[in-house]
Q: 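First, the structure itself, so that you have it in front of you.
Just follow the structure's listing: the first ligand is 1, and inside any ligand the first atom is 1.
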Amino acid sequence: MNDCLFCKIIRGEVPSTKIYEDEYVYAFKDIEPIAPVHYLVIPKEHIESAAKITPENSAVISHIYEVIAKIAKNEGLDDGFRVVNNCGEIAGQTVFHIHFHLMAGRKLEWPAG
Ligand code: AMP
Ligand code: ZN
């Protein structure tokens, strides 16, 4: 057991609104959405950030992108969507369990901050 917020969400110790779940991945609604659609897609395995991806744990990342495509299809995000991974404090990472923001439903400006 660890103290990580997203591990607690996976274990059901902290409530969340589930969008998708399988053996390896959990997806849920961001608690402070910045777009009409704003989900977080996370591996069930605790990986701290993109800086900690290795040959041993990288398979779940490609699986996460398969899940994102599946969610986008299910939710009819046909106009497009954005996937964001913040790695480290200067990029704005606040929860140190790797997560991919899936955002859609409005025009998303680029470049982002
Ligand atoms: P980041 O800043 O990239 O680390 O993203 C962390 C995200 O987690 C932010 O968008 C928060 O709104 C979101 N968040 C924090 N706590 C919760 C929670 N309990 N349930 C759902 N989303 C959360
Ligand atoms: Zn964790």
Side-chain angles (χ1 to χ4, degrees):
M1 293 292 168
N2 62 38
D3 238 13
C4 165
L5 173 63
F6 287 174
C7 284
K8 286 181 178 171
I9 284 178
I10 290 162
R11 294 198 297 265
E13 295 166 13
V14 169
S16 65
T17 304
K18 179 163 83 174
I19 296 298
Y20 174 90
E21 181 172 17
D22 66 26
E23 193 180 342
Y24 305 106
V25 168
Y26 188 72
F28 55 106
K29 287 190 178 179
D30 194 293
I31 205 167
E32 286 183 50
I34 60 164
V37 171
H38 187 172
Y39 305 147
L40 298 173
V41 187
I42 66 178
K44 288 189 170 174
E45 177 188 353
H46 180 88
I47 301 169
E48 191 178 300
S49 75
K52 297 290 167 71
I53 301 296
T54 65
E56 288 71 40
N57 66 18
S58 64
V60 73
I61 304 302
S62 60
H63 183 61
I64 280 174
Y65 273 87
E66 283 180 44
V67 167
I68 286 169
K70 196 180 284 186
I71 294 171
K73 191 168 180 225
N74 287 349
E75 306 256 335
L77 308 182
D78 304 326
D79 293 339
F81 54 84
R82 179 171 291 163
V83 179
V84 170
N85 167 245
N86 296 321
C87 177
E89 272 167 37
I90 64 157
Q93 186 175 8
T94 58
V95 179
F96 287 82
H97 179 131
I98 193 171
H99 50 280
F100 294 82
H101 298 256
L102 170 57
M103 293 169 289
R106 67 168 170 83
K107 173 80 180 140
L108 296 158
E109 302 306 326
W110 189 260

Q: Please tabulate, for side-chain N and O atoms in residues 105-113, each donor-acceptor pair with protein atoms closer than 3.5 Å (sequence neighbours left out).
A:
residue	atom	partner	partner atom	Å
R106	NE	I34	O	3.0
R106	NH2	I34	O	2.8

Q: Give the intermediate values and the outcome of side chain to side chain contact (heavy atoms under 4.5 Å, CB included) for residues I19 and K29.
A: CA-CA 7 Å; I19 296 298; K29 287 190 178 179; 4.0 Å; yes

Q: Measure the shortest side-chain to side-chain distance between I42 and F28 over non-hydrogen atoms and say whether it is less than 4.5 angstrom.
A: yes

Q: Among Y26, Y24, Y20, which residue meets the side chain to side chain donor-acceptor pair (under 3.5 Å) test with D22?
A: Y20

Q: So what's ligand 1 close to, N/O to N/O, under 3.5 Å?
A:
residue	atom	partner	partner atom	Å
ligand 1	2 (O)	G92	O	2.8
ligand 1	2 (O)	T94	OG1	3.1
ligand 1	3 (O)	N86	ND2	2.8
ligand 1	3 (O)	H99	NE2	3.0
ligand 1	3 (O)	H101	NE2	2.8
ligand 1	4 (O)	T94	N	2.7
ligand 1	4 (O)	T94	OG1	3.2
ligand 1	4 (O)	V95	N	3.2
ligand 1	4 (O)	H99	NE2	2.9
ligand 1	5 (O)	H99	NE2	3.0
ligand 1	5 (O)	H101	NE2	3.2
ligand 1	10 (O)	D30	OD1	3.3
ligand 1	10 (O)	D30	OD2	2.5
ligand 1	12 (O)	D30	OD1	2.5
ligand 1	22 (N)	I31	N	3.1

Q: When you measure from the side chain of D30 to the backbone of A35, do you find a donor-acceptor pair of N or O atoms at a distance under 3.5 Å?
A: no

Q: Ring centres under 6.0 Å, that's the criterion: do H101 and H99 meet it?
A: yes

Q: For residues 64-74, which side-chain donor-acceptor pairs fall under 3.5 Å, sequence neighbours excluded?
A:
none

Q: Have a look around the Zn ion (ligand 2) and list protein N/O/S atoms under 2.8 Å, or say none.
A: C4 SG, C7 SG, H46 ND1, H97 ND1

Q: Please lay out, stage by stage, how D3 and K8 fare under the test side chain to side chain contact (heavy atoms under 4.5 Å, CB included).
A: CA-CA 7 Å; D3 238 13; K8 286 181 178 171; 3.6 Å; yes

Q: Are the side chain of Q93 and the backbone of V95 linked by a donor-acceptor contact shorter than 3.5 Å?
A: yes

